[in-house]
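Letters A, B, ... are given to chains in the order of the sequence lines, protein chains preceding strands, and every chain is numbered from 1.
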Protein chains: 2
Amino acid sequence: MTLNKTTEYALTILGFMATRNENMYSAEYLHNQLNIPRRYLRRLLTDMSKHGFLKSTSGRNGGFVFDRDLKEISLAMIINTIEGSDAIFTCILGFSCCIVDKPCIMHDSWMEARSKMVDTLSNTTLADLKEKYQLDLIRNLKLL
Amino acid sequence: MTLNKTTEYALTILGFMATRNENMYSAEYLHNQLNIPRRYLRRLLTDMSKHGFLKSTSGRNGGFVFDRDLKEISLAMIINTIEGSDAIFTCILGFSCCIVDKPCIMHDSWMEARSKMVDTLSNTTLADLKEKYQLDLIRNLKLL
DNA sequence: TGTAAATACTACAAAAAGGTAGTAATATAT
DNA sequence: ATATATTACTACCTTTTTGTAGTATTTACA
């Protein structure tokens with residue numbers, strides 16, 4: 001019922017990067033900000049570069065930036081990419097095969113629950129998060 | 001983004017038992033019907049007895065039956081019980097602590113997605129599954 | 001051109017989840 | 001009573017996930 005750690009990290013990292021305005025994020029900097037284990041974080045960043053979310057620059061002053069428009073990256077995409085194919089969309093209970101009868105017993109209730117979630121995750125992009133974050137900032141300033 | 005295997009098994013077992021009309025289910029029988037590893041299945045059944053979902057009878061002709069009204073067992077309860085406390089209800093991303101700023105960036109979108117799912121899972125009981133299953137049976141008979 | 005700051009790659013270690021084995025305990029049937 | 005069918009307990013093995021280590025490579029800057 002939970003995302004695995006790696007996916008959680010991925011969302012944290014991309015969510016963080018999407019809402020700040022640096023023009024480059026080094027692994028070291030992200031490690032300090034997000035408290036994700038150094039080496040693991042690095043591997044994940046490299047991974048996300050390979051998957052086309054990020055673009056890496058090696059060498060001094062290097063780091064990572066987005067390689068795609070924030071509007072093009074939904075939460076569902078991140079989860080599916082990191083967690084393996086179609087983590088969200090398949091019948092995770094495996095109910096289509098685990099019980100002799102078909103259709104499986106819980107299939108319908110599960111699919112109903114699931115599809116509600118998928119809708120939200122598919123319709124929320126990093127751009128949405130950024131917008132929300134900045135509105136929140138403004139709102140807080142006004143309250144001061 | 002998936003339930004773990006153990007929870008999946010638990011749902012499968014309880015779903016199966018809820019929709020049949022045997023008065024006793026032995027581990028061996030359930031193993032044959034559901035293809036869940038023998039020993040693991042047994043341990044899980046014992047576990048579910050300890051958690052009050054089932055009642056066990058030892059010895060020859062023994063087995064497991066429900067120890068509670070089917071109306072009192074929701075899918076959400078099963079998941080939470082097997083998967084550890086509040087698997088469904090807590091902020092699984094850990095976003096309240098993983099980013100220096102609070103509230104966490106994805107908290108809102110995640111909670112929206114999640115609460116939709118929780119609603120369905122909390123409102124569906126094993127009794128509902130049973131009813132649905134039997135209606136389906138009747139419907140299929142009519143089609144023959 | 002050498003040094004420092006960064007990513008990239010590969011292999012391994014530790015922890016958690018999933019699964020198995022052996023044996024004890026319990027209850028029924030004959 | 002004894003054999004058999006069942007659950008209960010404990011320890012261990014396997015696989016997957018998470019995390020670490022060492023070393024190579026790339027690049028900017030003094």
Check every atom of D:dT7, D:dT20, D:dT17 against the side chain of A:N4 and return the nucleotide holding the closest atom.
D:dT17
Candidates C:dC9, D:dT18, C:dT23 - which lies nearest the side chain of A:Y40
D:dT18
Starting at atom CD of A:E8, determine the distance to atom C1' of D:dT17, rounded to an integer number of angstrom.
13 Å
Rounded distance (Å) that lies between atom C1' of D:dT7 and atom NE2 of B:H31:
16 Å
Euclidean distance, atom CG of residue A:L41 to atom C1' of C:dA6 [Å, nearest integer]
13 Å
Check whether any side-chain heavy atom of A:L75 lies under 4.5 Å from a side-chain heavy atom of A:L129, and answer yes or no.
yes
Measure from CZ on A:R39 to P on D:dT23 and round the result to the nearest Å.
11 Å
Between the first and last five pairs of the helix from C:dT1-D:dA30 to C:dT30-D:dA1, the angle of the axes, rounded to 10 degrees:
10°
Taking the basic N atoms (NZ, or NE/NH1/NH2) and the acidic carboxylate oxygens, is any pair closer than 4.0 Å for B:D47 and B:K50?
no
Under a 4.0 Å heavy-atom cutoff, the residues of residues 45-64 of chain A touching DNA chain D are A:S58, A:G59, A:R60, A:N61
Would you kindly compare A:R43 and B:S26 by the position of their nearest DNA chain D nucleotide and give the one closer to the 5′ end?
B:S26
In whole Å, what is the span from the CG atom of A:N23 to the C1' atom of C:dA6?
16 Å
In Å, rounded to the nearest 0.5 Å, how long is the span from CG of B:L30 to CG of B:N35?
11.5 Å
Base, sugar-phosphate alone, or nothing: which one does B:Y9 contact when heavy atoms must sit under 4.0 Å apart?
sugar-phosphate
Do B:S49 and B:K55 pass the side-chain hydrogen bond (donor to acceptor under 3.5 Å, both in side chains) test, and can you show the C-alpha distance, the side-chain angles, and the key distance before you say yes or no?
CA-CA 5 Å; B:S49 302; B:K55 191 164 47 186; over 6 Å; no
Using a cut-off of 4.0 Å on non-hydrogen atoms, how would the nucleic acid contact of A:R38 be classed: base, sugar-phosphate, or nothing?
nothing
Note: A:D128-A:K132 ion pair, threshold 4.0 Å (strictly below):
no
